[in-house]
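To start, the structure under review is shown below, and the notes come after it.
When a ligand or atom number is given, it counts from 1 through the structure's own listing order. No hydrogens, no waters, no symmetry mates; every other heavy atom, side chains included, goes into these values. All residue numbers in this chain count up from 1 along the given sequence.
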Amino acid sequence: MTSGTVMMDQMSWPEFRDRIAKNPVVFLPCGATEQHGPHLPLSVDALLSAAVAREVAEEVGGIVAPTLHFGYKSMPKSGGGPFFAGTINLDASTLIAMVRDVIRELVRHGARKVCAIVGHYENQWIVTEGIDLAMRECGHTGLRVMRLEYWDFCTEDTLKKVFPDHFPGVALEHAAVMETSMMLHLYPEMVRLDLIPDHPSADFPPYDMFPPHREWVPSSGALTSAKAATKEKGRIMVEQYRRDIAVAVRKEFKA
Ligand code: ZN
Ligand code: MN
């Protein structure tokens with residue numbers, strides 16, 4: 001008797017043993033604990049990467065490993081930076097080691113197809129390094145790893161529906177229309193509609209400063225307005241990501 005879930009953290013060990021023996025794709029959501037404005041919870045990047053992973057895993061018969069809930073350092077120009085209460089920043093070396101160790105352990109239990117789904121902008125190269133080190137250790141087993149940022153799958157068609165007027169760019173889309181819409185679709189009870197920020201986009205210079213300037217970042221923590229967020233836009237994005245990421249996963253892993 002199996003639970004039928006794709007979520008590893010809800011499986012018993014015999015269930016996981018039997019499932020992993022069939023060599024499914026194991027998805028690893030790479031999130032963060034980071035401020036997302038006054039209207040969204042700190043775990044948006046973890047929740048959304050896990051939700052996209054679950055959608056795709058259901059589609060291709062995969063398993064979703066427990067989400068990495070802490071991420072690489074939030075930066076002022078893409079996540080608001082370190083100024084806000086609750087943002088927990090890992091050093092790169094910590095996250096690299098976590099990704100490497102988790103993949104190595106999954107391989108020890110039989111995984112040979114791993115797909116890291118990044119849900120936090122600053123994680124991208126850090127997760128890549130963890131994967132590369134895991135490949136150096138485990139490549140001889142036949143391990144293959146796919147890595148993606150789910151928003152890169154957003155098509156022109158979806159973009160037009162979500163941003164009929166103007167797309168501010170993915171880096172400024174922090175706690176804004178995309179993430180707020182996806183949260184409204186997936187976790188409506190976690191969105192504070194009365195607190196949705198509506199202010200002009202942050203206007204960052206083309207360089208960084210250390211220590212960073214707090215005044216560069218809008219005081220809400222969102223980097224542009226989230227006012228145009230809707231549940232329907234969230235549904236459009238999630239369904240398109242589910243479909244198109246599953247196509248890519250099947251192509252690479254014959255899953
Ligand atoms: Zn985010
Ligand atoms: Mn983030």
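Side chain of N89 to backbone of S74: a donor-acceptor contact under 3.5 angstrom is found.
For the residue pair T180 / H39, a side-chain donor-acceptor distance below 3.5 Å is found, with atom types taken as modelled. Donor-acceptor pairing under 3.5 Å is recorded for the side chains of D45 and H36.
E149 has a carboxylate O that lies under 4.0 Å from a charged side-chain N of R147, or vice versa, which qualifies the two as a salt bridge. Electrostatic pairing of E239 and R243 does not count as a salt bridge here, judged by no charged N lying under 4.0 Å from a carboxylate O.
In D45, the N, O or S atom that comes nearest to the Zn ion (ligand 1) is OD1. Distances from the Zn ion (ligand 1) to the N/O/S atoms of E179 are shortest for OE2.
For the Mn ion (ligand 2), the count of nearby protein N, O or S atoms, meaning those under 2.8 Å away, is 3.
The Zn ion (ligand 1) has no N, O or S atom of H120 under 2.8 Å away, backbone or side chain. At a cut-off of 2.8 Å, E34 does not coordinate the Zn ion (ligand 1) through any N, O or S atom.
Annotation: Y150 is in aromatic contact with Y241 [ring centroid separation under 6.0 Å]. Taking the six-membered ring for Trp, F167 and W151 have ring centres at least 6.0 Å apart.
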Could you walk me through whether H69 and S43 satisfy the side-chain hydrogen bond (donor to acceptor under 3.5 Å, both in side chains) test, starting with their C-alpha distance in whole Å, then the side-chain angles of each, then the deciding distance to 0.1 Å, before giving a yes or no?
CA-CA 7 Å; H69 267 267; S43 56; 5.7 Å; no
